[in-house]
Protein chains: 2
Amino acid sequence: MPALSRRERPAKPALTREGIIDAAVRVMESDGLQRVTMRRLAQELDTGPASLYVYVANSYELHAAILDRLLAQVDLTAAKDAADWREALHEVLGSYTDLLFAHPSLAHSAVHTHPDGPHYLALVDSLLGLLAAGQVPAGQAAWGVDLLLQTATATAAEHANDSKDGNAEAAFRRLNEAVDNASAQQFPNLHAHGVDLLSGTPSERRRWAFDMLINGIIATARP
Amino acid sequence: MPALSRRERPAKPALTREGIIDAAVRVMESDGLQRVTMRRLAQELDTGPASLYVYVANSYELHAAILDRLLAQVDLTAAKDAADWREALHEVLGSYTDLLFAHPSLAHSAVHTHPDGPHYLALVDSLLGLLAAGQVPAGQAAWGVDLLLQTATATAAEHANDSKDGNAEAAFRRLNEAVDNASAQQFPNLHAHGVDLLSGTPSERRRWAFDMLINGIIATARP
DNA sequence: ACCTGAACACCGTTCAAGT
DNA sequence: ACCTGAACACCGTTCAAGT
């Protein structure tokens, strides 16, 4: 009964670029970006790894595509509130950062991905609009947006390895110890600052960082 | 003639942690960090990969060790010039950035490496000293140093994939096109800023970024 | 204690051959 | 044009067995 089995088991949909990216996002969501490999994806799509190369140039491009797909989830609604532009900036950047914090290994790859997809452009456009609302000169706003996004991305990427073992805690403890042991002679400034270096909750530090960047962007004329 | 061959061909020195890191730096210098693998190192040291695990916990720890070794090369002499603290800050940060630019793949791994080696501590100590010379309150200086180093690291890491093919040029061209095509309706701010986004030489942008960060750090009180 | 062979469980990418 | 099997050239890490 070939007709029946053809209707009832369309198990293997045709390969498409979108289908591959869908599968990639699915695997990332469930197993992390480490598992988003050409071979694993091929297995997921019931084919061989070579077949994917018809639709995707290489694994770097695949990661970039996943990133743009995810960027669709950044909440840009706050960007309409030009009156409270500074707070809106915090909200948009916060939404972007939260997204990357949920997928630190993607953040890690985002550090060297130069995105150019529609969702990335929309994000940049929103940030530029908010800086314009704050009367920030266009030149410094343009360069500033780059730094705002870079900081958000790098901050999330820093935590890419934290999940493995007690990696995060161990690293924190080691640094803490190193700072404590810093002698007044060898590292006078480290010694003097002590706890300041490791103080604050992540969200306090994040908010301060964005504030600091906004202030810097406002205060610094382009060459 | 066993005695002779023992004296003349001490080909295989005993394995040590330092020896492994030496070999790692050598391989990185000649073939890039991609090639610094446990297996390649084992081959280099004329042994099997399993042997390395006596001295190194895993490949992440190995990368961290390479980074600290390299950090010894950061030029901190400018840090003594407290009078011209701002320029000294540029010089120390520039030296750090240059180092990472020479090894972008190491920069990439540095984004999620929490260093705690002596050379890293010396670098942080210098930066803290210069900010103190500039009368920056201790609390904001401590948080600020983190951001200064993060920006330098992330900037270098962005270029980690540029060497492959004409990756950098292609990415620049695509983004340029995307910005050009941004319609006034869909992306009004992108449309308005146009060239500003991609203007400036890398060193102009880098200097502006550090200036901007310093200004922001000075201007932003801790919570 | 230190070292190792061999194995386990994977990778990305290419290319000739098929449909 | 699209798809694939098979191969090439690699990975990190573990573990039982040796010295």
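What you see below is based on every heavy atom in this structure, not just the backbone, and it leaves out hydrogens, waters and symmetry mates. So you know, we letter chains A, B, ... as the sequences are listed, proteins then strands, and number each from 1.
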(request) Look at the side chain of A50(A) and decide which nucleotide, out of dT13(D), dC15(C), dT13(C), has an atom nearest to it. (result) dC15(C)
(request) Report yes if the side chains of L71(B) and Y96(B) come closer than 4.5 Å at any heavy-atom pair, otherwise no. (result) yes
(request) May I ask you to evaluate whether T47(B) reaches the phosphate of dC3(C), defined as a side-chain N or O under 4.0 Å from OP1 or OP2? (result) no
(message) Would you say T37(B) places a side-chain N or O within less than 4.0 Å of OP1 or OP2 belonging to dC11(D)?
(response) yes
(message) From the set dC11(D), dT13(D), dC3(D), return the single nucleotide nearest to any side-chain atom of Y55(A).
(response) dC3(D)
(request) Could you tell me the separation between the CZ atom of R40(A) and the P atom of dT13(C), rounded to a whole number of Å? (result) 18 Å
(request) For the side chain of R39(B), starting at C-beta, report the closest nucleotide among dT13(C), dC3(C), dA7(C). (result) dA7(C)
(request) Return yes when atom CZ of R35(B) has more than 12 non-hydrogen atoms of other residues, nucleotides or ligands closer than 6.0 Å, and no otherwise. (result) no
(message) By nearest heavy atom, map R35(A) and Y53(A) onto DNA chain C; which one lands nearer the 5' end?
(response) R35(A)
(request) Name the nucleic acid region contacted by S51(A), choosing base, sugar-phosphate or nothing; use a 4.0 angstrom heavy-atom cut-off, strictly under. (result) base
(message) Can you tell me which nucleotide in dC3(C), dG12(D), dG12(C) comes closest to the side chain of M38(B)?
(response) dG12(D)
(request) Find out whether M212(A) and L213(B) are in side-chain contact, i.e. whether some heavy atom of one side chain is under 4.5 Å from a heavy atom of the other. (result) yes
(message) Please give the distance between the C1' atoms of dA1(C) and dA17(D) as a whole number of Å.
(response) 15 Å
(request) Look at the aromatic rings of H108(B) and H108(A) and report parallel, tilted or perpendicular, splitting at 30° and 60°. (result) parallel
(request) Taking the side chain as every heavy atom from C-beta outward, state whether N176(B) and L197(B) have any pair of such atoms under 4.5 Å apart. (result) no
(request) Whole angstrom is fine here: how far is it from CG in L52(B) over to P in dC15(D)? (result) 17 Å
(request) Under a 3.5 Å limit for both distances, which nucleotide forms a Watson-Crick or G-U wobble pair with dA1(D), could you say? (result) dT19(C)
(message) Without decimals, in angstroms, what is the distance between E44(A) CD and dC11(C) P?
(response) 11 Å
(request) Can you tell me the pairing partner of dC8(C) across any strand shown, Watson-Crick or G-U wobble, with both distances under 3.5 angstrom? (result) dG12(D)
(request) In whole angstrom, give the distance that lies between atom CD of Q43(B) and atom C1' of dA9(D). (result) 12 Å
